[in-house]
Amino acid sequence: MTDTPRTLAEELRTRTDSGLAGLLRARPDLLSPVPGDVTQLATRAGTRASVARAVERLDRFALQAAEALAVAPDPCPYTALDALMCGDAGDPAVAAELPRAVATLRAQALVWGPDERLRLVRTARELLTPSATHPSPTGLGPTVAEATAGMSPGRLQEILAAAGLPATHDPVTAVAALTSLFSDRPRMARLLDTAPAESVAVLDKLLWGPPYGGVTDRPAAHLQWLLDRGLLLPAGGRNVVLPREAALHLRAGRAHHTPEPLPPKLAPATERDPHLVDNAAASAAFTALATVEELLKEWDLGGPSVLRAGGLSVRDLKRTATALDTTEQLAAFWLELAYGAGLIASDGEADERYAATPAAEEWLQLPDHERWAVLAAAWLPATRTPGVVGAADAKGRTLAALGPNVDRSPAPEVRRRTLALLAALPPGTSVPSAAVLARLQWERPLRGAAHTGAAAAKPEEGTAAPVEADLRTRLAQWTLNEAELLGVTGRGALAAHGRALLGSEPEDDAPAPVPTPAEATAAAGRAAALLAPLLPEPLDHVLLQADLTAVAPGPLHRPLAEALGVLADVESKGGATVYRFTPASVRRALDAGRSAAELQEFLAAHSRTPVPQPLSYLVDDVARKHGRLRVGAAAAYLRCDDDALLSEILADRRAVALRLRRLAPTVLAAQTAPDQLLEGLRAMGYAPAAESATGDVLIARSDTYRTPPRTAPVPVPEGPPAPDATLLTAAVRAIRAGDLAATAERKPVHAAPSPAPGGLPRTTSAETLATMQAAVLTSSALWIGYVNADGAASQRVIAPVRVEGGFVTAYDHTADEVRTYPLHRITGVAELADESAS
C-alpha cells in the first residue's frame, strides 16, 4: 500500500499517464516549455500566474468548493468540506455534485491529498482566502486567531470572562477556548439566547457579508455586548469584524448563501420547424452577402483614408453606415467581417486609404454558398471584436473600426461555446439570450472579472441570470447578435449549416475541441453544401414597368446586376429590388460607351415584359441629346453644330458661373475646367459629352482600385494553444523519463565522493569508459551526468549499446530514443540500484 503523499509532486508522480495528460490538457500553460520531470511540473503548477489562470477556468460550483476549502482548516477532511457546502440541514443536490467538484480540482492540481487530508494548493489559498482588502464571495471574515493577532493578553482574558469562559494562562489557550466556544453549536446557541435583540440584528446584517462594520468611540449598549464577548473583534481603526467561526454558527455551517451545484437550465425552450429556421437563416445569409458586396462596391474606386493611429474615422464610419443603410455599430460589424475575411485592407501608400483587395475580386466570382462559407470561416475564430468599436480604451481613446486594440482573445472560445450550447438543443429549438448568458456565466464565473481571483458579483436570490456586464457576457451577447446577422442562426435557433460549421458534435456540459485549420475548412465546406439549396437562384430577367421602373423579383446574375446598376438607380431593396430609370442614369450608361440601340436591345433581352413606351422614349430622347454639345480642354471649350443652342446657353442666367464667351458660331470658351463645365451643363439639364484632343468622344468608365495582395488579420491567441494528442503523449513520456533520471536509485561510486543530492555524478575518464563498456556487455542501465555544447547540464538514464571512437551510443530513457554522446562531455556515471535497473 502506497504512503500518503507529502507534496503535490509526490501525488502527481502516482498519477496515471492519462491523469497527467488530463492535467496538461486542462492547463496548457504548464507545457511551455515541457517540464523536465514531475517536480518541475508541480512547481510550475503552483506558480501564481498559472494557478490564477486555472482558477479562472473553474465552473461556479467547483469555484465554490475551492472557496470553501480556502476558509476551512488546512488540511481539510472531505466530511468537513461537505458540511461547509451542505450546512447542518444537508443538501442532497450539493452532496451529490461535490465529488465531481473535488475531482475537477484534483484533475487541475489545485487540490491534492487523500479525502482525509484535502489540501488546497498554497497559491490558490492565497488567492481565495478572505481578507479586508480581498473579500471572498463566501462573505466570511478572518478566524478568531487571525482577528485577535496582536491583541493584549489582558483584553483576551476580559473577553473570556464576559463570554463565561474560565481564565487561561496564555493568549494561545485563550484564543483556542474562544474558538472552541464559537464552534460549539449548543454552547454558542446558549450564549446568543442571552443577547439583546438589537445585537442579534447587527449580527444578521453582517451574516452573509461583508463581515466588516464601523463603531464609534462609545459604542451603543447592544454593540458593546458583542464587543465584550468577542462576537465582534477589532479590524483596525474604528472597524470591527464578525469572526469566521461565529458567522458559520449563525449560517448553520454553510460557507455559501446559495450553493449552485448544477448549471442553469437552457429554458424556456421554444420549438419551431427546423425547415423554417434554416430558411430564415438562409435569408439572413443572403442579406449578409448583399451587404458585404454593397460595401465592396462602395469602396470600388478606393475607400476612406486611414487615421494616423490606424482605423476608420467616426465621420467615415457614419458615411459607410449611410451607404449600407444601417447603424454605425452594424456597419462596424460588416467592416470588421470583410476585413477579417481579407476582402478589404489598407493600400500601404503614403496617403494611406482603405480599398478592396485582389481577394475580393475572387470572392465576388464564387457561388453564393461558397462566399458565405468564406465569411463564416473568418468570423468564427476571429479575435477582432466590432462590439467594442466606439468604446474607450484604457487611455480614454475611442476605439476605431478597423483600428488597433479591438482584439479580444477570449472571443473565439466564447463564440464557439455559445453556439455549442445552441447546438446541444434539438434542431429548431431556441432559448432566451438571458438563459444562454446565465449558463455561460456559471461555467466561467471569473472570466472577464475586474481582477484575477475576484469572484463575479453574486446575483440577487431568485433572479434568473447575472446582471453584470463582464467581457465574457458581452462577447456572448455579441455572438448571438452576429450569428443572426450572418445567418448562422435563424429566429434564435442554430440552423443546420450552423451546426455543420462548428465541426465536431459538442456535448451539453463540455466545450467542443478547437478544430485544426484543415478541420475548420472542411466544416465550412460542409456548411456551405447544406446552405446552397436554401439560397435563391440568381435570375436573368427583370420586370419593366410603365412608371420607368424595373423590378428584380430576386437576386440577379452578377453581369446583369452590374449593367442594370449603371443604367438605372436602385430605389428600394428587399425581397425584390426596384430600379428607377432617369435621364441622369441613362446618360450615365451612354457615357460608359453604350449606344441607344444597345440599351434598347439590352432591355428587350432581359425583360419578361415588353419594353414600356415611356422607357423607350426616355432612352431615345437622352441619346438624341447626348453628345450634341462637346466639351474639351482649351482651358475648356464648348462646341456644337447648332449655334442656336449655344446662344440659348449664353442667354441662360445659370451659365454665369461658367464664364462663357463665343469664339465662333459653333464654339464657346469657358474659364473653368472641363469636368466642372460638364457638371455645370448637366445641372442645367443638358447632355454634353467630353471629347479628346482629336475630337473623339471620351467614354467615362471608372477604373476599380485595389490594394496590393494582403493577408487577412491573424487572430490574437489567448495563452498557449490547446495541445493535441501527439504533443500530450510526447510530453508525458518526457516527464516520466526525466523523473526516472532524477529519482532513479544509484549504486555508490567508491572511487569518488558521491554527488550532492540533485548534482551531477563525478568519475574519472577511465572509470567512465570502463563502466560504459561493462554496461554494454551486461545490457544494464546507467545514470550519467551530461553537459551539452551550450553548457547546459542534465541527468539522464541511458542503456549503452556501443562504445567506440570516443562516443557512446545508447538508448536514452529521458528522450525515449537512441542517441550518441561524446564521452568527454559525460561528467560521471553510476550504476542503478538493482531494483531500479530491473
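Because the structure is predicted, anything quoted here is derived from the model rather than measured. Numbers here simply count residues along the sequence, with the first being 1.
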Exercise: identify the closest heavy-atom pair between Gly490 and Ala280: CA-CB, 4.3 Å
Side-chain heavy atoms of Leu422 within contact of Leu266, under 4.5 Å: no
Note, Leu728 side chain near Leu31 side chain (heavy atom, < 4.5 Å): yes
Residues Thr383 and Asp407: side-chain donor-acceptor under 3.5 angstrom: yes
Side-chain (Thr322) to main-chain (Lys318) donor-acceptor, under 3.5 angstrom: yes
Residue pair Ala712 / Ala341: nearest heavy atoms and the distance that separates them: CB-C, 4.2 Å
Ala282 versus Leu534, closest heavy-atom pair with distance: CB-CB, 3.5 Å
Those residues that, when tested against Glu361, pass salt bridge (charged side-chain N to carboxylate O under 4.0 Å, His left out) (two or more places apart): Arg706
Side chains of Leu380 and Pro412 in contact at under 4.5 Å (non-hydrogen atoms): no
Modelled atom types, side-chain donor and acceptor of Asp347 and Tyr705, under 3.5 Å: yes
Worked check of side chain to side chain contact (heavy atoms under 4.5 Å, CB included) between Leu485 and Trp334: CA-CA 10 Å; Leu485 288 171; Trp334 297 118; 4.3 Å; yes
Expected output: side-chain Ser32 to main-chain Pro28 donor-acceptor under 3.5 Å: no
Pi-cation contact, Tyr339 with Arg384 (under 6.0 Å, within 45°): no
4.5 Å side-chain heavy-atom contact, Tyr579 and Leu556: yes
Test: Arg415 cationic atom under 6.0 Å from Trp379 six-membered ring centre, within 45° of axis: yes
Side-chain (Ser585) to main-chain (Asp569) donor-acceptor, under 3.5 angstrom: no
From Asp278 atom CG to Leu531 atom CG, the distance as rounded to the nearest 0.5 Å: 9.0 Å
Pair Arg371 + Asp368: basic N to acidic O under 4.0 Å: yes
Pro410 and Leu475, any side-chain heavy atoms less than 4.5 Å apart: yes
Residue pair Thr270 / Thr429, side-chain heavy-atom distance below 4.5 Å: no
Sidechain N-carboxylate O distance under 4.0 Å for Glu443, Arg60: no
Ser430-Arg272 side chain donor-acceptor pair, cut-off 3.5 Å: yes
Backbone N/O of Pro304 and side chain of Arg353: donor-acceptor pair under 3.5 Å: no
Derivation and outcome, salt bridge (Lys or Arg N to Asp or Glu O under 4.0 Å), residues Arg100 and Asp59: CA-CA 11 Å; Arg100 179 199 63 82; Asp59 62 61; 3.2 Å; yes
Sidechain N-carboxylate O distance under 4.0 Å for Arg491, Asp273: no
Short side-chain donor-acceptor distance under 3.5 Å, Ser50 and Asp29: yes
Thr516 backbone acceptor or donor facing Glu519 side chain under 3.5 Å: yes
Contacts of type ring pair (Phe, Tyr, Trp, His ring centres under 6.0 Å), residue Trp372, not counting sequence neighbours: His497
Leu335 vs Trp299, side chain to side chain contact (heavy atoms under 4.5 Å, CB included): CA-CA, chis, key distance, verdict: CA-CA 11 Å; Leu335 286 167; Trp299 289 7; 3.4 Å; yes
For the student: nearest non-hydrogen atoms of Ala356 and Leu296, plus distance: CB-CD2, 4.2 Å
Nearest heavy atoms of Leu58 and Gln108, plus distance in Å: CD2-NE2, 4.2 Å
Derivation of the side chain to side chain contact (heavy atoms under 4.5 Å, CB included) call for Trp478 and Val388: CA-CA 10 Å; Trp478 292 332; Val388 303; 3.7 Å; yes
Derivation and outcome, side chain to side chain contact (heavy atoms under 4.5 Å, CB included), residues Thr707 and Thr357: CA-CA 5 Å; Thr707 70; Thr357 65; 3.4 Å; yes
Non-hydrogen atoms of Glu484 and Gly492 that approach each other most closely: OE1-N, 3.4 Å
Side-chain heavy atoms of Leu564 within contact of Phe581, under 4.5 Å: yes
Close side-chain approach of Leu548 and Thr582, heavy atoms under 4.5 Å: no
Side-chain donor/acceptor of Trp442 to backbone N/O of Glu260, under 3.5 Å: yes
Separation of Asp351 CG from Glu349 CD (nearest 0.5 Å): 9.0 Å
Test item: Arg588 side-chain N/O and Ala568 main-chain N/O as donor-acceptor pair under 3.5 Å: yes
